[in-house]
J.: 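Quick one: this structure, given as structure tokens, is what I'll be asking you about.
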Amino acid sequence: MRIATWNCNSIRSRVDRAVALLERHDLDVLALQETKCRDDQFPLLPFEQAGYEVAHVGLNQWNGVAVVSRVGLEQVEVGFPGQPTWGSGDAEAVVEARALGATCGGVRVWSLYVPNGRSLEDPHLGYKLAWLEALRTAGAGWLDAQPEAPVALMGDWNIAPTDEDVWSVEFYEGRTHTSPAEREAFRAVVEAGYADLTREHTPGPGTYTYWDYTQLAFPKRRGMRIDFCLGSPALAARVEGAFIDREERKGKGASDHAPVVLDIA
DNA sequence: ATGGTCGCGATGCGA
């Protein structure tokens, strides 16, 4: 079974790339983030014609996550238990479209779009940390209830867990994604029982999944590793390999993220 | 080859 995660940065603008990705890698499951559309705007037909089912949650032009599967799509769950709300200014606090769970071929797949944090002084960083703590709590609960369940926490974590995961440690000093608090929040999810399933198969340094659109970051190899598949012990025991599809970041019309692909027995 | 932001939706915001 082959599962993958990709922050597509608008599914409407990259539906052709998404379907080509499914076919190029013979994917069984694809978790998408930043679809940037409402449910009624999601381009379902190309996926269905390619033989896939889709579950999606999108409230507006921001965020949006989906699970695409050709091995079943059951027990679809919008948001995880205890997922924090967000609302700034006059906006009413809402549970944003950042988490979607579905059982695909016996694996509990979560497509996750962790809040960005924006800056170290921004309230959004507190939201990010609370969101991750709530995810850790929910994830620990799932393992308590079903220790042998294969669970995949896949998505854009918006955290570079180690110094090796950024092109320049100095560049990110004073910015989000590398702060001790964010790294601790990521580590807490790992320590709750969800191992990073891709790192040993995609060693660094210089191994990234995201490159900013500006400043020629991609050709200059100035990236970050922020997209991960974390897995429960039962899933970790089944991992056969992983790779980052750096080719997908090339060319006109690419997302700023590359897909991360995982092979499991 | 991989090339000095992009997408959405409104002229700004979020990443």
Side-chain angles (χ1 to χ4, degrees), chain A residues 5-18 20-21 24 31-43 46 56-66 84-99 111-129 131-132 155-160 165-168 171-172 174-179 182 186 206-228 243-260:
Chain A
T5 183
W6 186 38
N7 180 322
C8 62
N9 187 20
S10 167
I11 192 58
R12 287 179 290 175
S13 69
R14 268 178 271 283
V15 60
D16 291 345
R17 276 183 177 262
L21 177 70
R24 178 164 76 253
L32 291 168
Q33 300 86 40
E34 280 211 89
T35 56
K36 288 187 170 176
C37 66
R38 299 186 306 267
D39 292 346
D40 64 284
Q41 297 173 308
F42 192 99
H56 175 256
V57 57
L59 306 177
N60 49 42
Q61 70 270 45
W62 308 121
N63 314 307
V65 288
T85 59
W86 171 252
S88 60
D90 298 331
E92 189 175 346
V94 296
V95 175
E96 295 187 304
R98 294 180 177 275
S111 180
L112 303 171
Y113 180 43
V114 176
N116 175 286
R118 298 181 183 168
S119 77
L120 296 184
E121 301 78 29
D122 197 296
H124 208 256
L125 181 63
Y127 171 50
K128 179 180 195 173
L129 297 174
W131 202 96
L132 287 160
D156 176 359
W157 291 76
N158 269 318
I159 295 171
D165 299 324
V166 293
W167 67 274
S168 165
F171 179 83
Y172 287 100
R175 302 171 188 254
T176 59
H177 293 60
T178 61
S179 72
E182 290 166 274
F186 183 89
T207 300
Y208 308 128
T209 65
Y210 164 85
W211 300 260
D212 196 284
Y213 279 128
T214 67
Q215 304 296 122
L216 291 172
F218 183 60
K220 290 181 177 175
R221 299 180 178 272
R222 294 179 173 178
M224 279 198 285
R225 189 205 288 261
I226 57 175
D227 299 271
F228 297 93
F243 64 93
I244 297 165
D245 184 8
R246 197 173 177 283
E247 295 296 310
E248 179 53 43
R249 181 61 180 80
K250 298 180 181 180
K252 184 175 175 62
S255 169
D256 43 2
H257 292 252
V260 178

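First the proteins, then the strands, lettered A, B, ... as listed; each starts at 1.
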J.: Rounding to a whole Å, what distance do you find between A:Asp212:CG and B:dG3:C1'?
T.: 14 Å
J.: Taking atom C1' in both B:dC13 and B:dG9, what distance in whole Å separates the two?
T.: 10 Å
J.: Considering only atom C1', compute the distance from B:dC6 to B:dA10 and round it to an integer number of Å.
T.: 15 Å
J.: Atom CZ of A:Arg17 and atom C1' of B:dG7: how far apart are they, to the nearest Å?
T.: 14 Å
J.: Report the distance from atom NE2 of A:His177 to atom P of B:dA15, rounded to the nearest whole Å.
T.: 9 Å
J.: Expressed in angstrom and rounded to an integer, what is the separation of A:Asn63 atom CG from B:dC13 atom P?
T.: 17 Å
J.: Less than 4.0 angstrom from a charged side-chain N to a carboxylate O is my criterion; do A:Glu248 and A:Arg24 meet it?
T.: yes
J.: Measuring only the C1' atom in each nucleotide, how far is B:dG3 from B:dC8? A whole number of Å is fine.
T.: 25 Å
J.: Give me the residues of residues 248-260 of chain A where at least one heavy atom lies under 4.0 Å from an atom of DNA chain B, by number, or none.
T.: A:Lys250, A:Gly251
J.: Distance check needed: B:dC8 C1' versus A:Leu59 CG, whole Å only.
T.: 15 Å
J.: What is the distance, to the nearest angstrom, from the CD atom on A:Glu247 to the P atom on B:dA1?
T.: 12 Å
J.: Starting at atom CZ of A:Arg221, determine the distance to atom C1' of B:dA1, rounded to an integer number of angstrom.
T.: 10 Å
J.: Using the six-membered ring of A:Phe218, assess whether NZ or CZ of A:Arg249 lies under 6.0 Å from its centre and within 45 degrees of the ring axis.
T.: yes
J.: Side chain of A:Gln215 only, heavy atoms from C-beta on: which candidate in B:dA15, B:dT5, B:dG7 is closest?
T.: B:dT5
J.: OP1 or OP2 of B:dC13 versus the side-chain N and O atoms of A:Arg118: is any pair under 4.0 Å?
T.: no
J.: Between A:Trp211 and A:His257 (judged by ring centroids, cut-off 6.0 Å), do the two rings come close enough to count as a pair?
T.: no
J.: Measure from NZ or CZ of A:Arg175 to the centre of the six-membered ring of A:Phe171, then state whether that distance is under 6.0 Å and the direction lies within 45° of the axis.
T.: yes
J.: After noting the C-alpha distance and the side-chain angles of A:Lys36 and A:Ile11, does the key distance pass the side-chain contact (heavy atoms from CB on, under 4.5 Å) rule?
T.: CA-CA 7 Å; A:Lys36 288 187 170 176; A:Ile11 192 58; over 6 Å; no
J.: Send over the distance from A:Asn7 CG to B:dG7 P, rounded to a whole Å.
T.: 12 Å
J.: Give me the distances for all protein-to-nucleotides 9-12 of chain B N/O pairs that come in under 3.5 Å?
T.:
none

J.: Taking the six-membered ring for Trp, are A:Tyr208 and A:Trp167 closer than 6.0 Å centroid to centroid?
T.: no
J.: Consider the side chain of A:Pro219, meaning its heavy atoms from C-beta on, and name the nucleotide among B:dT5, B:dT2, B:dA15 that approaches it most closely.
T.: B:dT2
J.: Does A:Arg246 place a side-chain N or O at less than 4.0 Å from the phosphate oxygens OP1/OP2 of B:dT2?
T.: no
